[in-house]
Number of protein chains: 2
Amino acid sequence: MAKSTKRDGYHHGDLRAGLVEATRALVEEKGPDRFSVSDACRVAGVSTAAPYRHFRDKEEMLRAVALEGMLRNRDGFAAASEIHPLGSLDAIAAMGMAYIAFAQAEPGVFRLMFGLTREHDKDPELMEQGRANYGILLQHMAARMGKEEVDDDVAKRAFPLWTFVHGLSFLLIDDKVSAMELDLDIAQVVRANTRRLLAD
Amino acid sequence: MAKSTKRDGYHHGDLRAGLVEATRALVEEKGPDRFSVSDACRVAGVSTAAPYRHFRDKEEMLRAVALEGMLRNRDGFAAASEIHPLGSLDAIAAMGMAYIAFAQAEPGVFRLMFGLTREHDKDPELMEQGRANYGILLQHMAARMGKEEVDDDVAKRAFPLWTFVHGLSFLLIDDKVSAMELDLDIAQVVRANTRRLLAD
DNA sequence: TACATATGTGAGAAACTCTAACATCGTCAA
DNA sequence: TTGACGATGTTAGAGTTTCTCACATATGTA
């Protein structure tokens, strides 16, 4: 039965994948700061020394989850961008909603994908994936501005859109929206302000 | 010489304040996730059991720093809002810049003020301060819209402005701006997009 | 088959959070 | 003035955690 996450004897089968999944689940359940390697080991059913055959340290386990999240996020992002015309307000707003939906569905992983530790910036793979995601938005923006190629102007007009949905995502998962007693229709907020940010 | 942070004998003088300051410095130096109570004790020059006379746990120490940051942030925020006419683009953009400047000056504390843990939401004092800060923006927005009182419409028009500078703050401190090879004049970005978000 | 390599285990060192019992200091009522 | 008490510090230590080291077991290849 090929490789599986199920234990089969002395060896695990695919412990790396098993640990990444356990880590993802625990990060989501308890929050990134309450995650422990030992917990992941308990879930995966291995000793606490086992992970160190596959990851340099705890940090690297979390980075693996962040990277996997970035890839998964890209799917939703790309899908949203493709159901509307290139460069349309509909397409751009849909991408924003996909970004926010991911943050709300997996706040733990989302937090991991950004911020949590400065070492993430040094991870070239993670950075590359982030750039690829942003690239999709850039394509739409270039089309909208009637340009063949993505240039600095395009990048500078696209950036505020990212900024906006990024900030909204954090305010939502940190519960600031309800704390301020705001009763918002998120889709409406995204669409209206995307339109404003695109205006000129 | 009244209360001081300096050690004077068996007792410390004002250990609570000393620990908050040590915690703030360490959070800024190493990041919130690398902070340890023991480190703070070493800096303050007390035993590792001492903090528990003043704080329930590590979490509460960090919350104290977040609250103190929120108060300090408010000073800059209020100051920025007062040097320009009530409700003017200048005033609102200046407040945005103050917000971002704080994040860049104290990224560790800024991260603490939002997110890091969900327990923060339950801290009524912290929530109250956050609301007070947001209230300053609401005043300007109400004036701009020619209203006497802050109502739902005002809150809904102000919210995107917060969202925008909040997102920009995080992208800056997480180094995403340089990672995407964007060379931005932040003041320019804030002003241009604040104007767009206010338009209609 | 036999050897090299990959992947798991158990034991333990070092650090950390937090508690419990005890020590010291300041203060206020008698 | 004094002495009891509450506030605030210390020492010792239990329990958890990260990570390393030596050793065990599985897998693949000559």
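What you see below is based on every heavy atom in this structure, not just the backbone, and it leaves out hydrogens, waters and symmetry mates. Letters go in sequence order (proteins before strands), and every chain restarts at 1.
- Taking atom CZ on Arg16(B) and atom P on dA7(D), their separation rounds to 15 Å, with Å as the unit.
- Rounded to a whole Å, the CG atom of Leu19(B) is 12 Å from the P atom of dT17(C).
- Listed by chain and residue number, Gln129(B), Asn133(B) satisfy the side chain to side chain donor-acceptor pair (under 3.5 Å) test with Arg74(B) (two or more places apart in sequence, or in another chain).
- One can place CZ of Arg53(A) at 15 Å from C1' of dT27(D), the figure rounded to the nearest angstrom.
- Taking the salt bridge (charged side-chain N to carboxylate O under 4.0 Å, His left out) definition, one finds that Arg196(B) meets it with Asp200(A), sequence neighbours left out.
- Every residue meeting the salt bridge (charged side-chain N to carboxylate O under 4.0 Å, His left out) condition with Arg191(A), not counting sequence neighbours, appears here in chain and number order: Asp90(A).
- If you take CG of Asp33(A) and P of dT17(C), they are 14 Å apart, rounded to a whole angstrom.
- One finds no salt bridge joining Asp153(B) and Arg157(B) here, because no Lys/Arg side-chain nitrogen approaches an Asp/Glu carboxylate oxygen to under 4.0 Å.
- At whole-Å resolution of the value, CD in Glu60(B) and P in dC18(C) are 11 Å apart.
- Neither OP1 nor OP2 of dA6(C) sits under 4.0 Å from any side-chain N or O of His54(A).
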All N/O contacts under 3.5 Å from nucleotides 16-20 of chain D to the protein, with atom names and distances to one decimal?
residue: dT17(D); atom: OP2; partner: Arg42(A); partner atom: NH2; Å: 3.4
residue: dT18(D); atom: OP1; partner: Val37(A); partner atom: N; Å: 2.8
residue: dT18(D); atom: OP2; partner: Val37(A); partner atom: N; Å: 3.4
residue: dT18(D); atom: OP2; partner: Ser38(A); partner atom: N; Å: 3.1
residue: dT18(D); atom: OP2; partner: Ser38(A); partner atom: OG; Å: 2.6
residue: dC19(D); atom: OP2; partner: Tyr52(A); partner atom: OH; Å: 3.1
residue: dC19(D); atom: OP2; partner: Lys58(A); partner atom: N; Å: 2.9

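- Atom CZ in Phe55(B) sits about 11 Å away from atom P in dG9(D), given to the nearest Å.
- Under the side chain to side chain donor-acceptor pair (under 3.5 Å) criterion, Ser38(B) pairs with no residue at all, not counting sequence neighbours.
- The ring pair (Phe, Tyr, Trp, His ring centres under 6.0 Å) search around Tyr134(A) returns Trp162(A), not counting sequence neighbours.
- Rounded to whole angstrom, the span from the CG atom of Leu26(B) across to the P atom of dC16(C) amounts to 11 Å.
- A straight line from CG of Asp14(A) to P of dG8(C) spans 9 Å, rounded to a whole angstrom.
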